[in-house]
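If you're wondering where the values come from, they're calculated on a predicted model, not measured in any experiment.
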Amino acid sequence: MWRVLARSSGATELNDFYPIRPECQADVPAPRFKPRAGKTLSQRRWNASFDAEGRLNIARVLRRIQRGGVHPTIKGEVWEFLLGCYDPNSTYEERTELKNRRRGQYDMWKAECQKMVPMIGSGKYLTTPLIGEDGQPTDKSLIGVQPSNKKILQWMQVLHQIGLDVNRTDRALVFYESEANQAKLWDVLSVYAWLDNDIGYVQGMNDICSPLVILIENEADSYWCFDRAMRRMRENFRTSASSMGVQSQLATLSQIMKTVDPKLHEHLEDLDGGEYLFAFRMLMVLFRREFSFADTLYLWELIWGMEYNPNIFVKYEEPDRAKASASPQTLSDKILKQYGKFERKNVKTGNVEENCALSVFLVASVLEIKNRRILNEAKGVDDVVQILGDITSSLDAKKACEEALKIQKKYLSKAQAQAQAKK
């Protein structure tokens, strides 16, 4: 109902689409993003981008998204394409068949989870431990089966932590005044944690999942969109006793800064900030803390639009076929237009560096924006953190992305020159 009311109002004010609780309005920064006629992808432009059978002109859509984002009324359905849930070359009929199959699959997984913990799917969620320190259930009425193996036990142990995180997620939004909506988020995260045997659930995944649960009404569809988002970000959440997954991206950030701005990099190293741990949160949850909710959505669709690769659907659905067709090849200008600006540059230059996502260049762009202040004022890492903290509500997502593309161009150019010099 929350989304339906927002859509039917016809208002363009973002607070009508993502209403803020009255008691929180003074603490929530006003969004900088506003839909702009002629630049933002509108419902009319979106509908006109499909042919009669439902195939999407993704090049046309990407141009509009990279110019001015996506209108709130269609964000969910556009994101499903940006994240690789659907192939733009598929027909309406093919997507309907795939959607129905996925919904059935999700319902089956959720039913499996519900047999073990009946509260899943009930419209409520847990915030107290199911399993005590002795490894035994704290309340046998809350579980459907005894934890008979390590997988079930570990999953049951994390469910209350998911609930505690759900309780804290986007609490300023009216959407989460509803326990049913909070339970929807808990259900999606709980099912995901059950299926991911390797990483499971890690704090911060709630921040990635929440916008998808809000924008996509059907729970199964929001799950699949979250699954695709996690395909991009999952390694950031891999942790061990000695390392954090996001460290690989921090190492890439260090290399980028050393290449494009050695003076600033050297200054950060002198402050013991050379490992760039101060950027951990930005990369971990994709700038959720640095932007308002509406501006986060805008930033994400700019990132995903600029990173878009037309082979993403095949990569996820048929990875073996994707690997077989991944050999270097010359692409026509028409094909290259189906790539986002950032990915197109990587394809043209043959850059295949892992952990070299646009978000890493975005952090570099923020550092460049704050270059003078960091050099003149930062006497320690805490000062760097404070200077970067000042960007909340003042950073323009579009300008930051454009600056990130410039840094990418500069970095690739210098990296190529250095590689040639070694030959």
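Classification of Glu317 and Arg102 as a salt-bridged pair holds, one side-chain N sitting under 4.0 Å from a carboxylate O. Taking a cutoff of 4.0 Å between a charged side-chain nitrogen and a carboxylate oxygen, Arg231 and Asp227 qualify as a salt bridge. Between Asp196 and Arg234 a salt bridge is recorded (basic side-chain N to carboxylate O distance below 4.0 Å). At a threshold of 4.0 Å, the pair Lys399-Glu403 does not count as salt-bridged, since none of the basic side-chain nitrogens sits closer than that to a carboxylate oxygen. Ion pairing between Arg238 and Glu235 holds under the 4.0 Å rule for side-chain N and carboxylate O. A salt bridge is defined here as a Lys NZ or Arg NE, NH1 or NH2 lying under 4.0 Å from an Asp or Glu carboxylate O, and Asp383 with Arg373 fails to meet this definition. In this structure, Glu307 does not pair ionically with Lys341, as no charged nitrogen and carboxylate oxygen lie closer than 4.0 Å. Between Asp165 and Arg168 there is a salt bridge, since at least one side-chain N of the basic residue sits less than 4.0 Å from a carboxylate O of the acidic one. Remark: Glu402 does not engage Lys406 in a salt bridge, criterion side-chain N to carboxylate O under 4.0 Å.
The side-chain heavy atoms of Phe33 and Lys398, taken from C-beta on, include no pair separated by under 4.5 Å. Side-chain contact check for Gln157 versus Leu130: every heavy-atom pair is 4.5 Å or farther apart. The side-chain heavy atoms of Phe361 and Tyr411, taken from C-beta on, include a pair separated by under 4.5 Å.
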Using the rule given for side chain to side chain contact (heavy atoms under 4.5 Å, CB included), can you reason through Phe81 versus Trp304, listing the C-alpha separation, both sets of side-chain angles and the distance that settles it, and then say yes or no? CA-CA 10 Å; Phe81 282 89; Trp304 296 335; over 6 Å; no

side-chain hydrogen bond (donor to acceptor under 3.5 Å, both in side chains) between Tyr276 and His265, worked out: CA-CA 10 Å; Tyr276 291 80; His265 175 75; 2.8 Å; yes

Kindly determine whether Asn181 and Val213 satisfy side chain to side chain contact (heavy atoms under 4.5 Å, CB included), including the steps that lead there. CA-CA 8 Å; Asn181 288 336; Val213 165; 6.0 Å; no

Trace of the salt bridge (Lys or Arg N to Asp or Glu O under 4.0 Å) decision for Asp207 with Arg289: CA-CA 9 Å; Asp207 291 310; Arg289 301 290 185 275; 3.0 Å; yes

Dump the intermediate steps for side chain to side chain contact (heavy atoms under 4.5 Å, CB included) on Leu297 and Trp79, then the final yes or no. CA-CA 10 Å; Leu297 306 189; Trp79 283 21; 3.6 Å; yes

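Each of Ser222, Ser190, Cys209 was evaluated against Leu185; a single residue qualifies, Cys209, per the side-chain contact (heavy atoms from CB on, under 4.5 Å) test.
Donor-acceptor pairing under 3.5 Å is lacking for the side chains of Tyr201 and Gln161. Between Asn346 and Gln408, the side chains place a donor N or O and an acceptor N or O closer than 3.5 Å (distance only, hydrogens not considered). Between the side chains of Glu77 and Trp46, at least one donor-acceptor pair of N or O atoms lies under 3.5 Å.
A 6.0 Å sphere centred on CD of Gln386 holds no more than 12 heavy atoms belonging to other residues, nucleotides or ligands.
When all heavy atoms of Asn236 and Leu283 are compared, the pair lying nearest together is ND2-O, 3.3 Å. Minimum heavy-atom separation, Arg232 to Leu83: NE-CD2, 3.7 Å.
Going from atom CD of Glu219 over to atom CG of Asp107 covers 8.5 Å, rounded to the nearest 0.5 Å. Expressed to the nearest 0.5 Å, how far CG of Leu212 lies from CE of Met230 amounts to 11.0 Å. To the nearest 0.5 angstrom, Met282 atom CE is 9.5 Å from Leu253 atom CG.
Residue pairs satisfying the ring-ring contact (aromatic ring centres under 6.0 Å, His included) criterion with at least one member in residues 370-389, sequence neighbours excluded, are absent.
With a 6.0 Å cutoff to the six-membered ring centre and a 45° limit on the axis angle, Lys151 counts as a cation-pi contact of Trp194.
Annotation: side chain to side chain donor-acceptor pair (under 3.5 Å) contacts of Glu93 (sequence neighbours excluded): none. Here Phe226 pairs with Tyr192 under the ring-ring contact (aromatic ring centres under 6.0 Å, His included) rule; sequence neighbours left out. By the ring-ring contact (aromatic ring centres under 6.0 Å, His included) test, Tyr106 pairs with Tyr223, sequence neighbours left out. Partners of Tyr176 by ring-ring contact (aromatic ring centres under 6.0 Å, His included), not counting sequence neighbours: none found.
The main-chain N or O of Leu336 is found under 3.5 Å from a side-chain atom of Arg344 such that the two form a donor-acceptor pair. Between the side chain of Gln114 and the backbone N or O of Lys110, no donor-acceptor pair lies under 3.5 Å. Distance alone, capped at 3.5 Å, is enough to place a donor-acceptor pair between the Ser49 side chain and the Arg45 backbone. A donor-acceptor pair under 3.5 Å links the side-chain atoms of Asp51 to the main chain of Gly54, judged by distance alone. Of the possible donor and acceptor atoms, none in the side chain of Ser178 sits under 3.5 Å from a partner among the backbone N and O of Phe175.
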Name each donor-acceptor pair under 3.5 Å that joins a side chain in residues 266-275 to protein atoms two or more places apart or in another chain, with its distance.
unit_1: His267; atom_1: NE2; unit_2: Ile374; atom_2: O; d: 3.1
unit_1: His267; atom_1: NE2; unit_2: Ala378; atom_2: O; d: 3.4

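Aromatic ring centres of His71 and Phe17 lie closer together than 6.0 Å.
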